[in-house]
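Side chains are part of it too, since the values below use all heavy atoms of this structure and drop only hydrogens, waters and symmetry mates. A, B, ... follow the sequence lines: proteins, then strands. Residue 1 opens every chain. Remember, predicted model here, so these are calculated numbers, not experimental data.
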Amino acid sequence: MSEGAKKTLEDTTRYDPAEVEARVFREWEDSGAFTPEPIGEAANNFSIAVPPPNVTGVLHMGHALNGSIQDTLIRLNRMRGKPTRWIMGTDHAGIATQAQVEKELAGEGTSRREIGREAFVERVWAWRERHGSQIIEQFKRLGASADYSDERFTMDDAYARAVTKVFVELHARGHIYRDNYMVNWDPGLGSAISDLEVEQKSLTDTLYSIDYPLADGSGSITVATVRPETMLADTAVAVSPGDERYAALVGKEVVLPLVGRRLPVIADDHVDPEFGTGALKITPGHDPNDFEIGRKHGFEEISVIGEDGRMTDAAGEPYAGMEAEEACKAVVAALRDQGLISAEEPYKHDVPHSARSGRRVEPLISLQWFCDMSELAKPAMEVVRDGRVRFHPEKPWAKVYLDWLESIRPWCVSRQLWWGHQLPVWYCDACEETYVAEVAPERCGACNGELRREEDVLDTWFSSALWPFATLGWPADTPELKAWYPTDVLSTARDIIFLWVARMVMMGLEFTGEVPFTDVNIHSVIQAPDGRRMSKSLGTGIDPLEAIDEHGADAVRFGLLLMSSSQDVRYSDAKIQQGRDLTNKLWNASRLVLMNAQDAKAARSTKEVEDRWIATRLERSTIEVSERLAAYDFSGAVSEAYRFFWSELCDWYLEIVKPRLYDGEAEVAGHLVWLLERYLALAHPFMPFVTEEIWSYLPDRESGGPLISAPYPEPGSYEPDPLAEREVEDAIELTRRVRRWRDLAGVPVASVLHARPHGGAQPPPEFVARLARLDFGSPAGDAIAAIGPIELLSSDDIDPAQVGERIDARRDELRSEIKRGEGKLANEGFVAKAPPEVVEEERSKLEGYRAELAELE
RNA sequence: GGGCGCGUAGCUCAGUGGGAGAGCGCUCGCUUCACACGCGAGAGGUCGCAGGUUCGAAACCCGCCGCGCCCACCA
């Protein structure tokens, strides 16, 4: 570092992230640490494939937390010497991106249909050129040490080839097929969506009871529905097989009102005799249950609502062409005219809605491409059961994952959109032949007719499922694939375990024969401070970039990691500030050390007991941090790092050694530099900027390079000293007790009290007197209080009345402790059954209390 | 309808069988030569409620109350 920069450290009492971050980030990039060569094999290397953010996206708290987690892991492993790569990139996000560009077109007074598919797709690419790198730049603000030199995009040519190959192969293996099947139709999108993109919303509809007259004129059957307009597509009426009320009617026919079609009355287990009238109208074309029943019985599938949301010709006059809602009113009016509506009541139930557009899902039968998942799911369950893929935390997530795979259903993979991977499928209209191929066939092989390409694109999650290997050059056998696949950790929020995680495992196993990652970290969901969901539309979102501007990236990283202790946590600015305070504490503690140890060589000292104590405490903290990180407990790790630095190193060690430091003692200076070096490295993975910046000021570092590439401190490189630990901890406790006593006895802060060892005890370490403002130099006089191994002598600065109160209070305290201890030891069960060491501890505590009380009386 | 999680100090959260913890906030005292984004001291909790297991329960079991999430085709 230059002279100028050094002045900065000495002259400023505040760490200034704004001055540091951009500069340090550039140094990291220039160092090449982000861009490892693909050497060796994945088993010995470390890699993470980022959950690719939507190319349209902006960084939100979830990204910021997950970025902090991933970067912590990446930096940790890089420092541990493994070739380490964080694969960065973006997702084309079919629906979201298409919607953005459509909005832009609308602003220009045009639409995608008006400009046509080709021009539209060009527009999306242009849009992506303009906005695509925004979120990547925002990841940089966080300090994310990813490989930006080799970003991936799910629509890039190479990636698209992988997608095509997978589709074709899955088709060849019999998993992908085309079928006329009931799908979740999103009328807002004009596309089918998958089951996972449907969310239930509770709302109140009107439940209509409609009388269907029996064909023989002998009466009627009443059915109930919330969608009267779908009756136009009814093909049967079903009752429960055991329902005596209707037993005689099964096999008869009813006449469908308004239509006149004759419908059979059938018995089917699906019908709940307890619900409504116990009779169910069967509409295979517009209800998922009825669809199943219809297929079972071989009923006709009539579609009266089309993909445009309007009634089809099959609905007949006057309904054809109406919006479904309009048709609903018309049908009800007509039925009412005929006196066939026997009841109307409000009915609250769950209704499927599109998670994409928010519109009510219209179940209808459509010709779509499906992927049967049953065979793919089996190995994906196996690898979680046998531990080849581990969830963190394991507790709910492994089971959640397995339960879903256990009952997995076919996946509708085709989407009626324009932005995405167009299906590699061609049709011959002349002879109805279908071709699924990686390379476009020129003409129909059967009749030599013209071929027409399938217009649909694939579900975005289809391409996302290939992310861990398609980003590395698969299907080619590249050095990247060898070096980085399987990846190590996949970190994400719980909401995409099914959409993404499970599908990656399935596709990874199917196409590479290996798991795509060995560990899945499911991180907390950060809620708004009031407990609501953070969302732009609710106005509850908090912008991580603003937090970074205000407090610095390290503070935000620390705060988010600290917050992320359980499944759902509330965002807390106080935690970010705690991180900010820690960066500042680091900065200032470093100033103290460096301003007084500029010529020191980093060297662990064993000279004084406090030196051995703090080294031991650092070792214990290093172990704790390592263990927490290994357990994916990032909150625990940063919390421990904070505690050690603030409460032990700064609060005690620095205060204890100040005289030695000011005195120019070489051992303590070297020890401090050593401590600082080791701690900076320990904390670097989660607070990279401030630690790197301070690192640059350290004198005579062993490692000449930047901290990002320095070795991570591992436990076990030196011996802890439990005796020193015990001795200093006792002295600290004594200091605290004296301070407390002074405060409660009304002794002015500045006054020095005389004291002497008590009861034959050794005098305490020097720092006790200094930090508790005691003087052991004139040991004569009357004792006024005994505190552990010392007693305090009378002084004019002591208020006798307050001392009296203090003693009384302490006596009460001791008596109650003694009573508690005696009670416990009098309990025969306790003495007989509790572990001996617990009983022994209880006895020695009791003894101590009795002795202290005896002195006070 | 099924499954899961949570309920601990005013707030946000740790703690999973042996004497209730942290950060913030609050009170009192400190312009102590690294840091007032600081230092020292302190107050504050029947650990949601009610049972049970145990020598011993915030923790384990059962029930209840409250909050939240996920899954699910009862019209």
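- Base pairing of B/U16: no nucleotide in any strand meets the Watson-Crick or G-U wobble criterion (both distances under 3.5 Å).
- Computed from coordinates, the A/His353 NE2 to B/A72 P distance equals 16 Å when rounded to whole Å.
- Ion pair A/Glu766/A/Arg770 flagged as a salt bridge, since at least one NZ, NE, NH1 or NH2 atom sits closer than 4.0 Å to an Asp/Glu carboxylate oxygen.
- Nucleotide B/A41 has B/U27 as its partner under the Watson-Crick or G-U criteria, with both atom distances under 3.5 Å.
- The CD-C1' distance, from A/Glu292 to B/C74, rounds to 14 Å in whole Å.
- Taking every heavy atom of residues 646-658 of chain A and every atom of RNA chain B, pairs under 4.0 Å involve A/Trp646, A/Cys650, A/Asp651, A/Leu654, A/Glu655, A/Lys658, by number.
- In the set B/C37, B/A41, B/A75, the nucleotide with an atom closest to the side chain of A/Leu280 is B/A75.
- For A/His392, the side-chain hydrogen bond (donor to acceptor under 3.5 Å, both in side chains) partners at least two apart in sequence or on another chain are A/Asp519.
- The base-pairing partner of B/C64, taking Watson-Crick or G-U wobble contacts with both distances under 3.5 Å, is B/G48.
- The existence of a salt bridge linking A/Asp195 and A/Arg409 is confirmed by a sub-4.0 Å separation between a basic side-chain nitrogen and an acidic carboxylate oxygen.
- If you run salt bridge (Lys or Arg N to Asp or Glu O under 4.0 Å) between A/Glu822 and each of A/Arg815, A/Arg843, A/Arg850, only A/Arg850 comes through.
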(request) Assess whether salt bridge (Lys or Arg N to Asp or Glu O under 4.0 Å) is satisfied between A/Glu840 and A/Lys845, documenting all intermediate values. (result) CA-CA 9 Å; A/Glu840 190 41 50; A/Lys845 275 189 295 192; over 6 Å; no

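- The pair A/Glu301-A/Arg295 meets the salt-bridge criterion, with a side-chain N (NZ, NE, NH1 or NH2) lying under 4.0 Å from an Asp/Glu carboxylate O.
- Using a 4.0 Å heavy-atom cutoff across all strands shown, A/Ala589 reaches at least one base atom of the nucleic acid.
- The phosphate of B/C37 has OP1 or OP2 within less than 4.0 Å of a side-chain N or O from A/Arg14.
- In this entry B/G1 has B/C71 as its Watson-Crick or G-U wobble partner, both defining distances falling under 3.5 Å.
- B/C64 and B/G2 have their P atoms separated by 13 Å, with the value rounded to a whole Å.
- Here B/C35 presents its C1' atom at 16 Å from CD of A/Gln577, a figure rounded to the nearest Å.
- The same atom, P, is picked in B/U32 and in B/C37; the two are 15 Å apart, to the nearest Å.
- In this structure, the nucleotide among B/A75, B/C37, B/C71 sitting nearest to the side chain of A/Phe498 is B/C71.
- Taking the six-membered ring for Trp and the full ring otherwise, the centers of A/Phe686 and A/Phe634 sit at least 6.0 Å from each other.
- Here A/Arg740 does not reach the OP1 or OP2 of B/A41: none of its side-chain N or O atoms lies under 4.0 Å away.
- When the P atom of B/C71 is taken as reference, atom CG of A/Leu196 falls 8 Å away, rounded to whole Å.
- Closest to the A/Ala574 side chain, of the nucleotides B/C24, B/A41, B/A75, is B/C24.
- Phosphate contact (OP1/OP2 of B/C73, side-chain N/O of A/Arg409, threshold under 4.0 Å): present.
- No hydrogens or angles considered: a donor-acceptor pair under 3.5 Å links the side chains of A/Lys281 and A/Thr283.
- Of the candidate nucleotides B/A75, B/A72, B/A41, B/A75 has the atom lying nearest to any side-chain atom of A/His349.
- Aromatic pair A/Tyr401/A/Phe498: centroids not less than 6.0 angstrom apart.
- In the set B/A41, B/C37, B/G18, the nucleotide with an atom closest to the side chain of A/Asp581 is B/C37.
- At B/A34, one or more side-chain N or O atoms of A/Tyr662 fall inside 4.0 Å of OP1 or OP2 (strictly under the cut-off).
- Atom pair A/Lys575:NZ and B/C24:P shows a separation of 9 Å (rounding to whole Å applied).
- A/Leu582 has its CG atom 18 Å from the P atom of B/A22, to the nearest Å.
- When rounded to the nearest whole Å, the span between CZ of A/Phe645 and P of B/C37 equals 18 Å.
- Between A/Ser572 and B/C11, a side-chain N or O to OP1/OP2 separation shorter than 4.0 Å is absent.
- Counting atom types as modelled, A/His270 pairs no side-chain N or O with a base atom of B/C74 as donor and acceptor under 3.5 Å.
- Checking B/C37, B/G18, B/A75 against every side-chain atom of A/Asp272, the shortest atom distance belongs to B/A75.
- The side chain of A/Arg739 has B/G40 as its nearest neighbour among B/G23, B/G40, B/A75.
- Distances from the side chain of A/Val838 to the nucleotides B/C69, B/C35, B/G18 place B/G18 closest.
- The side chain of A/Tyr642 places no N or O atom within less than 4.0 Å of a non-bridging phosphate oxygen (OP1 or OP2) of B/A22.
- Rounded to whole angstrom, the span from the CG atom of A/Asp495 across to the C1' atom of B/G68 amounts to 15 Å.
- For A/Asp350 against B/A72, a side-chain N or O and a base N or O form a donor-acceptor pair under 3.5 Å.
- Side-chain N/O atoms of A/Ser565 include one lying less than 4.0 angstrom from OP1 or OP2 on B/A14.
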